[in-house]
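Down below is the structure, laid out as structure tokens.
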Amino acid sequence: MTILLIEDEPLVAKTLEKMVRKLEPDATITGPLASVAETCTFLQTQPSPDLIVSDIQLADGVSFDIFQQADMACPVIFTTAYDEYAIRAFKLNSIDYLLKPIDPEELQAAFAKFHRWQPDGQSFKQQFREFLADLSTEGTTRKYKRRFTAHYLRQIVPVAQEKVACFCRDEVIYLHTTEGQKLITDYNTLDELEDLTDPAVFFRANRQYLVNLEAIAGYQPHYSGKLLLTLHKPCTAEIIISKEKAPVFRDWFEG
């Protein structure tokens, strides 16, 4: 049995792989792959796996884009932080649909369901084609991450968007919560996070900070044309926005 993992968050990917290896010790596990482009290349050049465990929202699009380009004939277990995708996922007659953070018992139940289910390959292909046709007619809008993962003590914990005050780059990427916690993440760059976050909610203040609108207490103009942001307590970060970027920030801040 071969299993392909598709997940763009490094921390989540490591945890998912450990969970799958524990549940299916005899399986050959490929991945995790992190993008639509990488996965399409893999599926076009490698034999089809027996099962795919896939996040829906990836860094360069949604995993449904993969299925539009690849001739899919295997079942899928979907994982995501976005419950609005549930109906679409089940239209695919997927094995299961798991919300993050993934519960080990729910993942185990999904694998048990997979072993009980023996889908007909041609029927499954036709189901995908019908689903993808529905997608193309209704149109899709860009979906942004609403939940982020970080290290807390020895655990991996989810942090909802509204609990994120800002992300800060200081050798690694830290997540500052609205409650004053400073948590380490596994994101590589702020550029990556800027692409994953909703631009109506998060603003790239400078090379060091990506800040949440709701966390901003106010800003103070400087005679040089720069702006000094202050965040709601208990966050104490003072964030400087350049003269060149100040007009863009004002437009964004005023909505």
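Salt bridge status for Glu17 with Arg21: present, with a side-chain N to carboxylate O gap under 4.0 Å.
At least one donor-acceptor pair closer than 3.5 Å links the side chain of Glu38 to the backbone N or O of Ala34. In this structure, the side chain of Asp60 engages the main chain of Val36 through a donor-acceptor pair within 3.5 Å. Distance alone, capped at 3.5 Å, is enough to place a donor-acceptor pair between the Asp50 side chain and the Thr2 backbone.
You'll find the side chain of Phe203 stays beyond 4.5 Å of the side chain of Leu229, heavy atoms only. Taking 4.5 Å as the limit, every side-chain heavy atom of Ser35 sits out of range of all side-chain heavy atoms of Leu58. Between Asp55 and Asp8 there is a side-chain heavy-atom pair separated by less than 4.5 Å. Here the side chains of His222 and Leu227 are not in contact, with every heavy-atom distance at 4.5 Å or above.
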Task: Glu7 vs Thr79, side-chain contact (heavy atoms from CB on, under 4.5 Å): CA-CA, chis, key distance, verdict - done: CA-CA 9 Å; Glu7 171 58 62; Thr79 68; 4.1 Å; yes
TODO: Take Phe167 and Tyr174 through the test ring pair (Phe, Tyr, Trp, His ring centres under 6.0 Å) and record every step on the way to the result.
DONE: CA-CA 6 Å; Phe167 294 97; Tyr174 290 97; over 10 Å; no
- [ ] Check the pair Leu175, Thr177 against side-chain contact (heavy atoms from CB on, under 4.5 Å), reporting the backbone distance first and the verdict last.
- [x] CA-CA 6 Å; Leu175 186 159; Thr177 72; 3.6 Å; yes
TODO: For the pair Tyr144 and Val201, evaluate side-chain contact (heavy atoms from CB on, under 4.5 Å) and give the outcome as yes or no after the intermediate values.
DONE: CA-CA 10 Å; Tyr144 298 97; Val201 178; over 6 Å; no
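In this structure, Phe249 and Phe253 have parallel ring planes: the angle between them is below the 30° cut-off, well short of the 60° mark.
By the neighbour-count criterion of 12 heavy atoms within 6.0 Å, atom CD of Gln44 is densely surrounded, having more than that number from other residues, nucleotides or ligands.
What you find for Pro49 and Leu43 is that their closest heavy atoms are CD-CD2, 4.0 Å. Between Leu213 and Ala200, the shortest heavy-atom distance links the atoms CD2-O, 4.1 Å. Pairing each heavy atom of Arg207 with each of Leu190, the nearest pair is O-CD1, 3.4 Å.
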